[in-house]
Amino acid sequence: MSQEAVPSSQPKGLLQQMEELMATLNADLSQLDADFQQSAERPAPAPAEGLDRA
C-alpha cells in the first residue's frame, strides 16, 4: 500500500485509524476492479495445444 503509518505527536483515535484503513482498502479494491475490467475487455489467449487440464 502506498500509505504508511507515520508517527505523529498526537495519537489517532481508533475510529480515525479504521476510517483511514477503510479508505485505503476501498482505493485498492477500486484499482483491482479497474484492472479486472480492463483484462476482461481483452480477448483471452488461446489455450496451448497438447496441455491436458484435469
Side-chain angles (χ1 to χ4, degrees):
M1 284 188 256
S2 61
Q3 296 179 349
E4 297 293 331
V6 177
S8 63
S9 59
Q10 185 174 6
K12 294 180 182 178
L14 182 59
L15 181 59
Q16 184 178 354
Q17 290 179 11
M18 291 300 294
E19 288 175 344
E20 290 175 2
L21 288 170
M22 290 301 292
T24 302
L25 178 61
N26 190 32
D28 289 345
L29 290 175
S30 295
Q31 182 62 51
L32 185 61
D33 183 50
D35 292 345
F36 279 139
Q37 294 295 330
Q38 185 178 17
S39 67
E41 293 173 1
R42 293 184 297 225
E49 293 292 326
L51 294 179
D52 291 336
R53 292 183 180 224

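Basis for what follows: all heavy atoms, side chains included, without hydrogens, waters or symmetry-related copies.
Atom CG of Leu21 is separated from atom CD of Gln16 by 10.5 Å, given to the nearest 0.5 angstrom. The CD atom of Gln31 sits 12.0 Å away from atom CG of Asn26, with the distance rounded to the nearest 0.5 Å. Here Asp33 contributes atom CG and Gln38 contributes atom CD; the two are 11.5 Å apart, rounded to the nearest 0.5 Å.
Nearest heavy-atom pair, Glu20 versus Lys12, reported as atom, atom and distance to 0.1 Å: OE1-NZ, 2.8 Å.
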